[in-house]
Structures are given as C-alpha cells and as structure tokens.
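Beneath this line is the structure, given in structure tokens, with notes to follow.
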Amino acid sequence: MNLGRFPRLRFGHLPTPFEYLENLSRELDGPEIWIKRDDCTGMSTGGNKTRKLEFLMAEARAEAADIVLTQGATQSNHARQTVAFAARMGVDSHILLEDRTGIQSTGYQHNGNVFLDLLHGATLEHHPGGTDMEAAMAATADRFREDGRRPYSIPGGGSNATGALGYVNAALELVNQANEVGLRIDHVVHATGSTGTQAGMAVGLVGINSGVPLLGISVRATKSIQEDNVFRLASATADRVGCPGVVDRSDVVANSDYVGEGYGIPNEGTIEAIRMMARLEGILLDPVYSGKGMAGLIDLIRTGHFKRGQNVVFLHTGGSVGLFGYTDFFDLPTERHAA
Ligand SMILES: *Cc1c(COP(=O)(O)O)cnc(C)c1O
C-alpha cells in the first residue's frame with residue numbers, strides 16, 4: 001500500500017490511544033469492549049476528519065489554494081476541523097452550511113461547531129435543507145475564481161479517495177496496536193455517514209488480509225444505499241492505493257436501525273448511549289454520529305449479536321463539540337448538591 005508516497009500534512013495527534021472500556025464491558029456483561037480514540041486526533045479538539053484532512057489539505061497546499069471551501073450540516077464537525085486546518089495553514093476558509101435538521105434552538109444555530117467555525121476565522125453561508133450542496137459549493141467556487149482567488153473544494157465529510165487514505169492508515173494503526181497488546185479483534189464498529197471512514201477502514205483491513213469484520217452504523221441512509229455508497233468509495237480508494245478490486249461488496253456491511261427520525265436528530269437510544277459513556281467511562285460521545293454508533297453497539301450487545309468471549313472495538317469518530325448544540329435534548333438536573 002505504501003501510504004508514505006501520498007502528500008500529507010502531519011497535523012494530527014497520531015497514533016490515537018487504544019483503550020479497554022472496563023466499566024461499559026462490565027455493565028453490558030457481553031463482549032470485551034475496546035475503544036480506538038479518534039476523538040483525540042487534535043485540530044480543534046479532534047475527530048475523524050483530522051485523518052482525512054491531513055491528505056486533503058496537503059493536496060490544497062500542492063495546488064497553492066488560497067481559500068478552502070467545504071460544506072455540511074449546520075453542526076458539521078468536518079467544517080469545524082477544515083477551518084482549523086485552514087487557519088494553521090494560513091489560508092482562508094469558506095463554509096456552506098445546510099439546515100438539514102430544522103432545529104431552531106440558539107445552541108444549535110450558533111453554539112458548538114458554528115461558534116468554533118467563526119472563532120477559527122471562517123466565513124459562512126447558509127442554505128435551506130434539501131439544497132444540492134455540492135452544486136452550491138461549485139457555484140461558490142466559480143464566484144471565488146472570478147474574483148481571482150484559488151479555491152480548493154472538499155466534498156462533504158471529506159469523503160473522496162484522497163480523504164479516505166486517512167482511514168486506510170487508521171486501519172493499519174489499529175491492527176498494529178491490537179497486535180502489540182496481543183488482542184484478537186473480532187469486530188470493529190463505528191458510525192458511518194459520508195462513507196470515507198468506512199471505505200478507508202475496509203481497504204486497510206481487507207488489504208492487509210486482517211480478517212477483521214467491520215460494521216458501520218448508519219446515521220442517515222438506509223442499509224443498502226449506505227453499503228453501495230461505501231463500496232463505491234472503497235473501490236476508488238483501493239485503486240488509489242494500488243490494490244484494485246481488493247474490497248468485495250460483501251466486505252461492506254452497514255446497519256441503519258439506529259438512524260431514528262433522521263440525520264442529526266438524536267433519539268432515546270442516542271441519548272442513553274451518550275449518558276452511559278459519560279457516566280461510566282468519562283468519555284464524550286456526540287448526538288449525530290458517535291452517539292448513534294454506540295447506541296447501535298449497545299443494542300447489538302443486549303440482543304446477543306455480540307457475545308461474551310468476543311473482543312469488539314468501537315472506533316470513536318469524535319464530535320463532542322456538537323453536544324453544545326444539543327443541550328436541550330438532555331433532561332439533566334440544573335444543579336446537584338452534596339447531601
Ligand atoms: C463525519 C463524522 C462521522 C462519519 O464519518 P464518515 O467518514 O463521514 O462516514 C462519524 N462521526 C463523526 C463525529 C463525524 O464528524
């Protein structure tokens with residue numbers, strides 16, 4: 001695979017920790033649960049977009065871009081991490097945000113990721129839900145070009161064959177860490193959205209013949225659509241790393257049972273998963289992605305899909321900044337007094 005031949009900005013805090021979740025494993029009384037801490041990748045707190053942006057932003061630099069464009073939902077973690085990279089590189093950033101959820105609270109509209117986008121110096125433009133955001137971004141890029149700028153556009157979630165290289169690398173990193181502690185991984189589980197994470201992981205895990213199965217918990221699309229989308233990007237990524245055809249359609253498995261009402265709308269299972277991880281492990285999940293991914297893992301343990309004697313790895317993709325856009329969804333006591 002020889003990933004070292006691809007240009008890369010080494011801004012991430014890598015390798016990320018690989019840890020055992022003792023309390024959650026005990027509570028659920030099923031498999032041993034391990035966690036790969038990609039919430040700790042750095043760049044405006046961290047998250048899975050750091051690994052993708054290391055490769056994408058190296059391409060932006062190679063093209064001498066002077067402004068970086070990307071798009072996402074209002075509380076996009078990808079947008080926040082992109083503008084942090086742009087800030088560090090000394091280039092401008094412009095973000096197109098889609099009102100994909102309809103949540104009107106001040107927290108959702110202005111706090112969390114939106115606050116940090118502005119803090120890092122990005123300019124923002126807002127679009128109604130249902131907008132063709134890639135087309136809108138292409139039109140905006142044309143306007144910047146007419147003004148004499150050199151824009152570099154990153155697709156939503158940073159999910160193309162360049163961004164996915166970051167997760168090919170993450171798969172190699174994870175298998176090495178498990179090897180070092182003598183752990184047999186029986187399954188890897190994570191939230192899947194724009195597909196770059198799962199596509200890259202699939203190429204890495206299959207490409208080294210690890211035999212480790214991967215399950216993506218969808219946060220938006222139905223199972224078959226998500227699997228088709230992941231497979232398409234995995235195939236393009238395999239071509240890119242010089243292993244054409246290495247990933248089979250059957251290597252790509254997604255579960256869309258935990259989407260709930262839709263993208264960006266947490267349900268009871270999402271909130272329960274976030275609270276369990278906060279209280280049992282002191283780890284923050286998020287209401288859009290990792291909370292749904294963990295809700296899926298918890299339910300699949302409770303229903304016996306994952307069992308005692310197995311070792312399951314949860315790939316934590318980050319997103320905790322989004323919590324500050326969603327505080328209304330948590331029914332917490334306002335204060336606690338010691339007795
Ligand atoms: C973007 C994102 C995901 C989904 O990853 P994809 O590569 O888009 O499928 C998962 N978790 C968090 C926190 C994210 O921001």
Side-chain angles (χ1 to χ4, degrees), residues 16 35-41 43-53 55-56 70-84 98 100 112-113 116-117 133 154-171 188-204 214-221 225-234 236-237 252-256 258-259 263-264 266 270 273-274 277 283-297 314-326:
T16 55
I35 189 165
K36 175 67 173 156
R37 297 294 302 273
D38 272 18
D39 55 322
C40 302
T41 53
M43 295 312 288
S44 198
T45 75
N48 64 344
K49 304 314 180 303
T50 301
R51 291 188 191 267
K52 301 176 181 185
L53 288 163
F55 290 94
L56 289 161
T70 198
Q71 58 93 0
T74 305
Q75 283 293 334
S76 168
N77 301 302
H78 165 66
R80 181 237 321 153
Q81 295 209 272
T82 300
V83 305
E98 178 192 2
R100 206 182 287 168
N113 285 292
L116 296 186
D117 292 342
M133 294 298 284
I154 299 177
S159 286
N160 58 21
T162 301
L165 293 174
Y167 272 88
V168 179
N169 208 31
V188 176
V189 178
H190 66 88
T192 178
S194 70
T195 77
T197 302
Q198 191 171 0
M201 287 293 290
V203 170
L214 184 66
L215 173 65
I217 305 291
S218 176
V219 301
R220 190 177 191 186
I225 290 176
Q226 188 68 14
E227 288 179 350
D228 287 347
N229 290 343
V230 171
F231 179 61
R232 199 174 314 115
L233 182 55
T237 307
V252 176
V253 182
N255 176 324
S256 54
Y258 306 95
V259 174
Y263 174 89
T270 322
I274 294 170
M277 281 291 277
I283 292 175
L284 300 175
L285 299 176
D286 84 284
V288 182
Y289 296 97
S290 55
K292 286 188 178 173
M294 181 54 86
L297 175 56
F314 181 72
L315 170 59
H316 189 339
T317 45
S320 62
V321 166
L323 283 170
F324 301 101
Y326 282 86

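Computed from heavy atoms alone, side chains included, the values below leave out hydrogens, waters and symmetry copies. First listed ligand is number 1; within each ligand, the first listed atom is number 1. Values in this document were obtained by computation on a predicted structure and should not be read as measured data.
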### Query
Taking non-hydrogen atoms only, is T197 closer than 4.0 angstrom to ligand 1 via side chain, backbone, both or neither?
both
### Query
What protein heavy atom sits nearest atom 5 (O) of ligand 1, and how far away is it?
N48 ND2, 3.0 Å
## Note on the structure
for atom 10 (C) of ligand 1, nearest protein heavy atom and its distance come out as T317 OG1, 3.2 Å
### Query
Should V230 and E227 be marked as a side chain to side chain contact (heavy atoms under 4.5 Å, CB included) after you check the CA-CA gap, both sets of side-chain angles, and the distance that decides it?
CA-CA 5 Å; V230 171; E227 288 179 350; 5.8 Å; no
#### Entry: Atom indices of ligand 1, in the order listed, that fall short of 4.0 Å to a heavy atom of G193
4 (C), 6 (P), 8 (O), 9 (O)
### Message
Considering non-hydrogen atoms of the protein only, which is the closest contact for atom 8 (O) of ligand 1, and what is the distance?
### Response
S194 OG, 2.5 Å
### Query
Given N160 and L56, is the side chain to side chain contact (heavy atoms under 4.5 Å, CB included) satisfied, shown in steps?
CA-CA 9 Å; N160 58 21; L56 289 161; 3.4 Å; yes
### Query
Which atoms of ligand 1 have any heavy atom of T192 under 4.0 Å away?
9 (O)
#### Entry: Donor-acceptor pair between H78 and T70 side chains, under 3.5 angstrom
yes
### Element-labelled atoms of ligand 1 that are located less than 4.0 Å from some non-hydrogen atom of N77
13 (C), 14 (C), 15 (O)
### Message
Looking at ligand 1, is there an atom of it that comes within less than 4.0 Å of some heavy atom belonging to G157?
### Response
no
### Query
Is the closest heavy atom of G318 to ligand 1 under 4.0 Å?
yes
### Task
Please name the residue in the list N255, T195, T192 that meets the side chain to side chain donor-acceptor pair (under 3.5 Å) test with Q226.
T192
### Query
Which residue holds the protein heavy atom closest to atom 15 (O) of ligand 1, what is that atom called, and what is the gap in Å?
K49 NZ, 2.8 Å
#### Entry: Given I283, D39, T317, the one that forms side chain to side chain contact (heavy atoms under 4.5 Å, CB included) with S290
T317
### Query
Have N113 and S76 got a donor and an acceptor in their side chains that come within less than 3.5 Å?
no
### Message
With a 4.5 Å cut-off on side-chain heavy atoms, are T41 and K49 touching?
### Response
no
#### Entry: Heavy-atom pair of closest approach, residues R100 and A73
NH2-N, 3.7 Å
### Heavy-atom nearest neighbour of atom 7 (O) of ligand 1 within options M201, Q198, K52, Q81
K52
### Task
With heavy atoms of G319 as the reference, note each atom of ligand 1 found under 4.0 Å away.
13 (C)
